[in-house]
Amino acid sequence: MEWLNPYHLQVASFVLINAILGVSIYVTLSTGQLSLGNAGFMSLGAYTAALLSTQHQVPIPVGILAGSLLAGVAGILVGIPALRLSGVYLAIATLGFGEVLRAVLINWESLTGGAVGVAAIPQMGRVILAWASDRGFSPESLGLQANQFISLTVFLILLFSTVLTVTFFLRLSRSRVGRAYAAIRLDESAAEAAGIPITYYKVLAFSQGALLSGFAGALFAHSTSYVSPGDFTYHRAVEILVFAVFGGSEHIFGPVFGAAFLTIMPEALRFISDYRYILYGVLLVAMMIFRPQGVIDPPLLRFFRRKRNGGAQ
Amino acid sequence: MKRNLRVLSVIASLLFALVFMGAQKAKPAAKPSAPPIKAKIGVISIITGAGAAYGEAITNGIKLARDEVNAKGEVDIDLKIEDSTGKAEQALSAAQKLINSEKVVAILGPTLSTEMKVVGPEANASGVPIMGTSNTAAGITQIGKFVFRNSMPESQAIPASIGAAVKKYHIKKVALLYGNDDVFTKSGFDTMKAVTEKMKLKILTVEEFQKGQADYKAQLTKIASLKPDAVFCSALYNEGGVILAQARKMGLKVPFVGGNGFNSPKVIEIAKGAAEGLIVATPWFGDKNDPKVKAFVAKYQKAYGKKPDQFAAQAYDAYYIMTNALKAAGTADRAKLRDSLATTKNFQGVLGKFSFDAERDVVMQPNVLIVKGGKFAIFN
Amino acid sequence: MFLEQLINGITQGSIYAIVALGYTLVFGVLDIINMAHGEIFMFGSFVGLLVVTKAGAPLPVAFLAAIVSTAAMGLLLERFALRPLRTRRGASHLASMISTIGVSILLENLAHKLFGAGNHLFETPFAEISFKIGPLTIYLVQVVILVISLLLMVGLALWLSRSRLGKALRATAENLETAGLLGVDTNRMITATVVIASAMGGVAGVLVGMAFNYINNQMGLSMGLKGLAIIIFGGMGSVYGAMAGGLILGLSETFMVAYGSSGYRDAIAFVLIIVVLLLKPQGLFGVAPAEAKR
């Protein structure tokens, strides 16, 4: 299969991880809470998975689960005090949380290795290839070279994870929980007056977002095989935010689209790499001026649905 | 008849002479019989973002070497340069692009050790020889048999500089200062600490700083108050130059011993007079009395308007090592190139004699230098 | 050492305070965080540098140039990145913040293109002059920085409370619509606010060059984040909060390095805000929750 290019698969894999990250911030956003701490939760998931698999030989799926759950629990711990804050205050506080966590990662060397990071993390594709080869499998039997097989495997795992995530939260948005989220986002006091337990739902949304970020982080660790504190900086937090805000903050397809577009664009623009980030900045401003709700919003989706259904009303 | 025969034989001789002469002339003008080996070599460098200063030096060094080597006609290299922006993920994407879309025969770079730790395993798994020209952290070539480097690691440079300084200045107690948020400087510090402890020197304090900091007064004031005999500092030149300047300004006059990051002329540029007395160990000595070095410095200065630093020099030599190995391999084949690279012994570059060891790591002699009169000089 | 570190902390803190003032002004009036403020500060620094090194002009001219250029940038920012969002219906505060993030990315990379990466030397003519008071060495530069910062802060506070324009600005900050009804040209006020805030960033930029002698195009990011921390700590929209917060942060960072672990220096800012937000969310000098525009 000559056309299966690991480069494209690599970019696609990053798109998928970013999509999960985009959904993670979207989930908390859907209750009206803006959390910029997702880079921090991502690092929790990534480091947990990395340390468990490199130092304790824990199987990859277990490590990913552990990382996600740890991040989710951290989300509860952060989400409760966060109830006292809102708007920009919450954003900055959560950003601060992420930065403090990063300082801990750098300074707690005995646990995390400090700035040197954790290397030689088992990479999902290579591990599966080794496992299959031990049982006599050879990628050539599928017409693939080794590195094509590896990239394809990683891509498929990530695709499965992303589809699972998006499906789950799509259904959630249509459920009672989703409606509660929307009510809280629209008017918190009214929702409270209507009897919705806002504390429960706000913290739930917060920890769901944290869990997803941790999940993405663990997947990230097992795709790139190396993590260091520098992977989880303020830049990353802003990036995640932009996926949701640019892509669309009112529907779950928004951050997915945002992640896809904003991950592929710098790749496609490699040839003008000197000016890439300058264009990126201009794009952000332009988007906010001309379409601040993001690209994908409910009216647009309805428009596409109508078209798909044949146009006639 | 006899007359015709004579005329014929004269004409025949003349013709013969002409052909013979023509053949003589044609020989020197004939091109080398083998066509140049065509290959694509990928370069992953930091073109935008923090750290672009280092990436620029590396790319310049490679380009200079490429022009020289291509002119010789034995290889025809198409250089594909990709930007990693200093982020490991971008470096990985860049590597995938070079390996699978551009189908390069080898890769030079990436710039940072953190990037190499992500890219190296991928290149290794894909069977593409990759050579770091600026990675100095530990554990790089151990990633796999396709991973090489020609950048002298801290573990070789630092013992040389510290050893020389301790001997000359009878150093007993020291302060250590390093950037704790960067793999390179942290790695350097780990080596410094190990060497310091091995030499049984007293560590008065260990201070840290972060990249991009503009102000080190707090750390330096604390260090000064403890009165060390010397300060061992692991920093990149951006921070290092500033640290030196601020240290001297506040009256901290003891010798500074620096790691790999300090051996750039940019330190002197940034710190100016404050750089006097700085001690470093480096494979690169720009003012060496060596015709190869002088020629390189002159050419680089002409092409880019500034003096080459260690990053540029290492990249330049790396390109030569790579293309020499390619010539020896005879063909643009990744596996053959790797094998050819691994046998590199006693290559004479602008950094001196170079070989790969059994783990494809560096075998080189560091020079211990001191800054005297605004430039680096041999320290003894 | 304590006294020297104290002076270090105060110098650092005064510069932080000025940067924070810029943030707090904009937040007070517009209710948004100008994420590009840190980058504007950085540009001001470079403009000052160019004036001093390339044009060989004296320091006051550098200040002037920095002020003019950053004020202009503030003007452009307000006109092209903020005002269009104000007139739109359905634009959230988030959108304004994102817009300024876009500008900050643009500026950071533009600076890289124009000035190159790495540290640039910022030479002040009187950098070497110092006084000895007992065991203590104080540099003239530090004194100048402190004096300029104090003048700026006091001047701003006085101007806000006494002058007509200042009062109009406070009215606009209090309530945009009401101020408009009372005859204040709110658009002009908003523009003035952003311009003044940016100009202050420019002043801080030159001060940083003077204080630390080296500037680079990555400065904007860390200064920006710290500025944010300061205004949360001090109270968003409070001028005194920004001043106090800046000084406290400068001192904390310095003493953390001097007596604690220097590795955690940058984290202090964020630990402070988290603590403050949990104990007194409106910040030290902020207005009580009932009246706060949160």
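All values below were derived from every heavy atom in this structure, side-chain atoms included, with hydrogens, water molecules and symmetry-related copies excluded.
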J.: Would B/S84 and B/E115 count as a side-chain hydrogen bond (donor to acceptor under 3.5 Å, both in side chains) here? Give the steps.
T.: CA-CA 8 Å; B/S84 72; B/E115 297 173 317; 2.5 Å; yes
J.: Measure B/D181 against the heavy atoms of chain A and call it side chain, backbone, both or neither at under 4.5 Å.
T.: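 Interface part for B/D181: both.
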J.: Salt bridge check, B/K97 against B/E102: does any charged N sit closer than 4.0 Å to a carboxylate O?
T.: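 No, no charged N to carboxylate O under 4.0 Å.
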J.: Can you confirm whether or not the ring centre of A/F246 sits under 6.0 Å from the ring centre of A/F261?
T.: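 Ring centres of A/F261 and A/F246 closer than 6.0 Å.
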J.: Which answer fits A/S13, side chain, backbone, both or neither, if we ask what part of it has an atom under 4.5 Å from a heavy atom of chain B?
T.: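 Interface part for A/S13: neither.
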J.: Carefully, step by step, assess B/Q96 and A/Q10 under the rule side-chain hydrogen bond (donor to acceptor under 3.5 Å, both in side chains).
T.: CA-CA 7 Å; B/Q96 293 283 31; A/Q10 182 76 66; 2.7 Å; yes
J.: B/K306 vs B/E56, test: salt bridge (Lys or Arg N to Asp or Glu O under 4.0 Å). Steps then yes/no.
T.: CA-CA 12 Å; B/K306 42 182 134 165; B/E56 196 185 306; 3.1 Å; yes
J.: So, the side chain of B/T185 versus the backbone of B/A235: is there a donor-acceptor pair under 3.5 Å, distance only?
T.: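 Here the side-chain-to-backbone pair does not exist.
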J.: Tell me, side chain or backbone of B/A138 under 4.5 Å from chain A's heavy atoms, or both, or neither?
T.: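 Neither; nothing under 4.5 Å.
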J.: Specify which of A/V116, A/V11, A/V227 makes the most heavy-atom pairs with chain B at under 4.5 Å.
T.: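 Top option by heavy-atom pairs under 4.5 Å: A/V116.
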J.: Go through it in stages, so that I can follow the logic: the residues are B/T133 and B/N150, the test is side-chain hydrogen bond (donor to acceptor under 3.5 Å, both in side chains), and I'd like the CA-CA distance, side-chain angles, deciding distance and then a yes or no.
T.: CA-CA 5 Å; B/T133 72; B/N150 78 324; 5.1 Å; no
J.: So with a 6.0 Å cut-off around NZ of B/K40, is the heavy-atom count from everything else above 12?
T.: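 Check passes, neighbour count above 12.
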J.: Quick one: of B/V119, B/I99, B/T85, B/D190, who has the most non-hydrogen atom pairs under 4.5 Å with chain A?
T.: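 Most heavy-atom pairs within the cutoff with chain A belong to B/T85.
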J.: Checking B/T196 against B/V174 for the side-chain contact (heavy atoms from CB on, under 4.5 Å) test, could you report, in this order, the C-alpha distance in whole Å, the side-chain angles of both residues, the deciding distance, and whether it holds?
T.: CA-CA 9 Å; B/T196 309; B/V174 297; 3.8 Å; yes
J.: Identify whether the distance between the nearest side-chain nitrogen and carboxylate oxygen of B/E89 and A/R236 falls below 4.0 Å.
T.: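 Salt bridge present between B/E89 and A/R236.
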J.: Exactly one of B/R338, B/M131, B/Q142 should register a side-chain contact (heavy atoms from CB on, under 4.5 Å) with B/R360. Which one does?
T.: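 Output: one option passes, namely B/R338.
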J.: Measure distances from A/P229 to the heavy atoms of chain B and classify the residue's part below 4.5 Å as side chain, backbone, both or neither.
T.: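 Nothing of A/P229, per the 4.5 Å heavy-atom cut-off to chain B.
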J.: If the contact rule is any heavy atom under 4.5 Å from chain B, which residues of residues 117-139 of chain A qualify, in numerical order?
T.: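 Under the 4.5 Å heavy-atom cut-off, A/A119, A/Q123, A/R126 qualify.
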J.: Checking B/Q90 against chain A: side chain, backbone, both or neither under 4.5 Å from a heavy atom?
T.: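 Both parts, heavy atoms under 4.5 Å.
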J.: May I ask you to check whether A/F97 and A/F41 place their ring centres under 6.0 Å from each other?
T.: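 Yes, close enough.
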J.: Chain B contacts: which residues in residues 98-110 of chain A have a non-hydrogen atom closer than 4.5 Å to it?
T.: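 Listed by number: A/I106, A/N107, A/E109.
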J.: Between A/T224 and chain B, with a heavy-atom cut-off of 4.5 Å, which part of the residue counts as in contact: side chain, backbone, both or neither?
T.: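 Both the backbone and the side chain of A/T224 come within 4.5 Å of chain B.
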J.: Could you check whether the rings of B/F311 and B/Y54 sit parallel, tilted or perpendicular, using 30° and 60° as the cut-offs?
T.: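 Rings of B/F311 and B/Y54: tilted, as their planes differ by 30° to 60°.
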